[in-house]
Amino acid sequence: QVRLVESGGGLVQAGGSLRLSCAASGILSSINAMGWYRQASGKQRELVAQISSGGSTNSADSVKGRFTISRDNAKNTVYLQMDSLKSEDTAVYYCNVRGSGWQYWGQGTQVTVSS
């Protein structure tokens, strides 16, 4: 059974930091990419950042220079370090894990940034 366990969300003041973690288990196939998406109230889900098995990353322009994605392949865990948080970063953040022809989503973790 595939499980994606997310942690690290919460309430933080603008300018503060949070670190999200997502540990994947039960996946038997090779993981190509792990990443984070977010969905703010009334908006579509959008990519925040993604990292490949080889360590290549891409991220949304809105978070460049503030968010850092990293990955521990041995633990099948992906991290998102979020610094200089803004109120517009408030959203539910979802972990995403994908391989060849498949993907899984986490249950989501709320990040709320107060101004």
Side-chain angles (χ1 to χ4, degrees):
Q1 181 180 1
V2 175
R3 292 187 66 199
L4 299 183
V5 179
E6 300 162 338
S7 61
L11 173 65
V12 65
Q13 288 189 331
S17 298
L18 284 173
R19 187 186 192 221
L20 305 182
S21 298
C22 173
S25 61
I27 296 177
L28 303 180
S29 303
S30 296
I31 296 174
N32 291 342
M34 303 181 78
W36 293 92
Y37 288 70
R38 68 185 180 187
Q39 187 166 18
S41 180
K43 295 188 177 181
Q44 289 188 332
R45 191 173 297 189
E46 63 176 0
L47 173 69
V48 177
Q50 190 175 62
I51 184 167
S52 72
S53 58
S56 299
T57 64
N58 66 291
S59 59
D61 288 342
S62 59
V63 307
K64 279 185 168 67
R66 299 188 299 120
F67 291 9
T68 303
I69 190 168
S70 61
R71 174 176 174 173
D72 185 332
N73 288 335
K75 296 181 179 179
N76 279 348
T77 299
V78 62
Y79 307 95
L80 186 67
Q81 177 66 41
M82 304 185 293
D83 298 319
S84 303
L85 282 160
K86 305 176 181 180
S87 57
E88 50 262 45
D89 295 318
T90 295
V92 178
Y93 284 69
Y94 296 91
C95 175
N96 176 267
V97 177
R98 61 183 61 198
S100 180
W102 57 266
Q103 65 175 333
Y104 295 104
W105 292 93
Q107 79 282 1
T109 184
Q110 177 71 45
V111 171
T112 302
V113 184
S114 63
S115 57

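Atoms considered below: every heavy atom in the structure, side chains included; atoms not considered: hydrogens, waters and symmetry mates. Everything numeric in this text was worked out from a predicted model, so none of it was measured.
- Here the CZ-CE distance, from Arg19 to Met82, works out to 11.5 Å after rounding to the nearest 0.5 Å.
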Which donor-acceptor pairs under 3.5 Å do the side chains of residues 84-91 make with protein atoms, sequence neighbours left out?
residue : atom : partner : partner atom : Å
Asp89   : OD1  : Arg38   : NH1          : 2.9
Asp89   : OD1  : Arg66   : NH2          : 3.0
Asp89   : OD2  : Arg66   : NH1          : 2.7
Asp89   : OD2  : Arg66   : NH2          : 3.4
Asp89   : OD2  : Lys86   : N            : 2.8
Thr90   : OG1  : Ser87   : O            : 3.0
Thr90   : OG1  : Val113  : N            : 2.9
Thr90   : OG1  : Val113  : O            : 3.4

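- Ring orientation note: the planes of Phe67 and Tyr93 are tilted relative to one another, at an angle of 30° to 60°.
- For the pair Gln50 (side chain) and Asn58 (backbone), a donor-acceptor distance under 3.5 Å is absent.
- When all heavy atoms of Cys95 and Val97 are compared, the pair lying nearest together is SG-CG2, 4.2 Å.
- Note that CZ of Arg98 is 4.5 Å distant from CD of Gln103, once rounded to the nearest 0.5 Å.
- Note on Tyr104: it clusters hydrophobically with Ile51, by side-chain heavy-atom contacts below 4.5 Å among ILVMFWY residues.
- Cluster annotation: Val2 and Trp105 are assigned to distinct hydrophobic clusters (Ile/Leu/Val/Met/Phe/Trp/Tyr, side-chain heavy-atom contacts under 4.5 Å, transitive).
- In the hydrophobic clustering of ILVMFWY residues, with side-chain heavy atoms under 4.5 Å counting as a link, Trp36 and Val92 come out apart.
- Checked by atom type, the side-chain pair Asn32/Ser53 shows no donor-acceptor distance below 3.5 Å.
- With Leu80 as the partner, the side chain to side chain contact (heavy atoms under 4.5 Å, CB included) test is satisfied by one option alone out of Val63, Val111, Val48: Val48.
- Considering all non-hydrogen atoms of both residues, Leu11 and Ser114 come closest at CD1-CB, 4.3 Å.
- Tyr37 and Leu18 fall into different hydrophobic clusters, defined by Ile, Leu, Val, Met, Phe, Trp and Tyr side-chain heavy atoms under 4.5 Å apart, directly or through other members.
- Nearest heavy atom pair, residue Ser29 against residue Trp102, reads CB-NE1, 3.7 Å.
- Once rounded to the nearest 0.5 Å, the distance linking CD of Gln13 with OG of Ser115 reads 9.5 Å.
- For the residue pair Ile69 and Gly35, the shortest heavy atom distance occurs at CD1-CA, 4.0 Å.
- Between the side chain of Lys64 and the main chain of Ser59, a donor-acceptor pair closer than 3.5 Å is present.
- Between Tyr79 and Thr68, the closest side-chain pair of non-hydrogen atoms is not below 4.5 Å.
- Across every non-hydrogen atom of Ala24 and Met34, the tightest pair is CB-CE, 4.3 Å.
- Hydrophobic clustering (ILVMFWY, side-chain heavy atoms < 4.5 Å, transitive): Leu20 and Val5 are in distinct clusters.
- Contact detail for Tyr94 and Gly106: the closest heavy-atom pair is CD2-O, 3.6 Å.
- The distance from the CG atom of Asn76 to the CD1 atom of Ile27 is 6.5 Å, given to the nearest 0.5 Å.
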